[in-house]
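First comes the structure, then the notes that go with it.
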There are 2 protein chains.
Amino acid sequence: MTPAERDTLERLEERTRTVRRGGILRRSNDRSGELFVLRSGLMMTYVLLGDGSRQILRFHFPGDMLGLSGLVYPEAPETICAVTESVVCPFERSALAQLVEAHPRLASMILAYGQIDRVSLTDRLAALGRTSAKARVGALLLEWRSRLRAGDGSIGESFSLGLTQEEVGDATGLTAVHVNRMLRQLEEEGLIAREGQRVTICDERALMAATNYVDRYRDLDLGWLPAGR
Amino acid sequence: MTPAERDTLERLEERTRTVRRGGILRRSNDRSGELFVLRSGLMMTYVLLGDGSRQILRFHFPGDMLGLSGLVYPEAPETICAVTESVVCPFERSALAQLVEAHPRLASMILAYGQIDRVSLTDRLAALGRTSAKARVGALLLEWRSRLRAGDGSIGESFSLGLTQEEVGDATGLTAVHVNRMLRQLEEEGLIAREGQRVTICDERALMAATNYVDRYRDLDLGWLPAGR
DNA sequence: CGTAGCATTGAAACATGTCAAGTAAGGTGG
DNA sequence: CCACCTTACTTGACATGTTTCAATGCTACG
């Protein structure tokens, strides 16, 4: 990355804001056009439906860009909320416009990043539409491990899932009760082990085969990017 | 739009390729990095799962940009297929890189377009995760009407749904049999009327209330875009 | 006129949701 | 340090929505 590019990115992260556990960064129908970079912590995006049920759309890990939907919608379509205490760096849409003008390669990277996000969403769509409850829960576990590992290479087969079973259910389109049963089944089949918040992937091959999980953050090809400025 | 911008877009659409009904433009795991603009016809993107079931991820209408996932993945994660005979304009990833370098405003528009796409996907995700079969089928009908109308303002309450019930099922995460029953129910409740391929929305208010459908192509805010070049 | 794909319908099986009760763990005020 | 309270987890019995399987009818097309 060129010095100018690095400088531009750093300027996006000049200000910071802390959101405490459970705190809401942006509520659905809010009129804020701000965007954010997640610096630390874990967050999620969800929607509430008319009947009060919730669908969690995405989990966000450090480095993710949040609130991109503010680029098009004057009213936020989704709620962004902190799963654990988090620090975000807010910036204005106009700052993004400047970035796109000055740094085509960064703009292309953001465009590419959006595609990863989009393909991950389609994976989850296919999971909700066409796979069993057990497969969905298993896929969520694999996704969490792989994303946590991206931020901390020392993570092995075992990690702490900082979610309640109700949250797992809202992400996978299941009830908390059924999530509980599926976790138990995965455990009885020897695919995972549990101990409080901690989950261990015991048989990765079998779990991946049972869930069709694909890690979309691997095997990227960014060879087409323009030169840096 | 500036003359230079218009010219750049036209150059993307220099070549054309015709895909006949049912033809496949790009198969999952293909290594092609081409992108496309859909000029005419209707297409869809889907994935096939290990057990042979299919999840339709998106329907594409004229003007849509296809195959953006090729920007990051050397192997296509999805299959793109023609619902009706279609004409697409293929172009290279490098052409997009040039566009981003030369025309920041167009780049920003593509970025913004990606957000519409992404939010539509999350709407469908919430529908699959948290709404009933009837609501999902109803939402699909509303979506089709609104997208067809965007291309042809003369379309009113009645339109031709060029999909088999199996395709509707693969898009909504249901079986063809159940789609049939849901259509019948919607009809019996007076929300829609059917006549062969033709569907009429009889009670739009009630249908929208029953489905939580939101038209994501309306009420956009692109005020932040940089100036054209 | 035959055939192939699609739509329709019924009955039964299955997966997941709902409700209810009980347990374990953690935080807080006395 | 304890008693309490809240929140999350666990489990069972039952209800419901959706799938599966199978049979039939319809329509278009060669």
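Chain letters run A, B, ... following the sequence lines, proteins first and then strands; every chain starts at 1. None of these values were measured; they are calculated from a predicted model.
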For [X] and [N], give me the distance from atom [atom1] to atom [atom2], rounded to whole Å.
X	N	atom1	atom2	answer
A:Glu167	D:dC9	CD	P	9 Å
A:Leu174	D:dT16	CG	C1'	16 Å
B:Leu128	C:dT16	CG	P	14 Å
B:Gln197	C:dG5	CD	C1'	13 Å
B:Lys134	D:dT19	NZ	P	15 Å
B:His178	C:dC14	NE2	C1'	14 Å

Has [X] got more than 12 heavy atoms of other residues, nucleotides or ligands less than 6.0 Å from its [atom1]?
X	atom1	value
A:Glu166	CD	no
B:Met208	CE	yes
A:Arg194	CZ	yes

- Within residues 157-166 of chain A: residues closer than 4.0 Å to DNA chain C (heavy atoms):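 Close to the strand, none.
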- Message: With the threshold set at under 4.0 Å for non-hydrogen atoms, list the residues of residues 181-189 of chain B touching DNA chain C in residue-number order.
- Response: B:Arg181, B:Arg184
- With sequence neighbours excluded, what pairs up with B:Phe61 under the ring-ring contact (aromatic ring centres under 6.0 Å, His included) test?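 Testing B:Phe61 for ring-ring contact (aromatic ring centres under 6.0 Å, His included), a comparison that skips the adjacent residues, returns B:Trp144.
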- Message: Between A:Ser53 and A:Asp51, do the side chains contain a donor N or O and an acceptor N or O under 3.5 Å apart?
- Response: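 Yes.
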- Query: Is it the case that B:Asp30 and B:Ser32 place a side-chain donor and acceptor less than 3.5 Å from each other?
  - Reply: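 No, no side-chain donor-acceptor contact under 3.5 Å.
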- Message: Over all strands shown, is A:Gly169 touching base, sugar-phosphate only, or nothing at heavy-atom distances under 4.0 angstrom?
- Response: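 Here A:Gly169 touches no strand at all.
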- Item | Side-chain heavy-atom pair A:Val87, A:Arg17 within 4.5 angstrom cut-off |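 A side-chain contact under 4.5 Å is absent here.
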- Note on the structure: Quick note, B:Asn180 side chain, CB onward, closest among C:dT16, D:dT19, C:dT9 is C:dT9
- Qualifying salt bridge (charged side-chain N to carboxylate O under 4.0 Å, His left out) pairs with a residue from residues 39-50 of chain A, counting only residues at least two apart or across chains: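 Only A:Glu13-A:Arg39 qualify under salt bridge (charged side-chain N to carboxylate O under 4.0 Å, His left out).
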- Message: Going by salt bridge (charged side-chain N to carboxylate O under 4.0 Å, His left out), name the pairs with one or both residues in residues 197-213 of chain B, residues two or more places apart or in two chains.
- Response: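 Listed by first then second residue: B:Arg145-B:Glu204.
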- Using a strict 4.0 Å threshold on nitrogen-to-oxygen distance, state whether B:Asp117 and B:Arg58 make a salt bridge.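 Yes, charged N to carboxylate O under 4.0 Å.
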- From B:Leu148 atom CG to B:Ile155 atom CD1, the distance as rounded to the nearest 0.5 Å: 4.5 Å
- Per-nt protein contacts along nucleotides 20-29 of chain C (heavy atom under 4.0 Å; B base, S backbone sugar-phosphate only, - none) come out as ----------
- Under 4.0 angstrom between A:Arg194 side-chain N/O and D:dT10 OP1 or OP2: yes
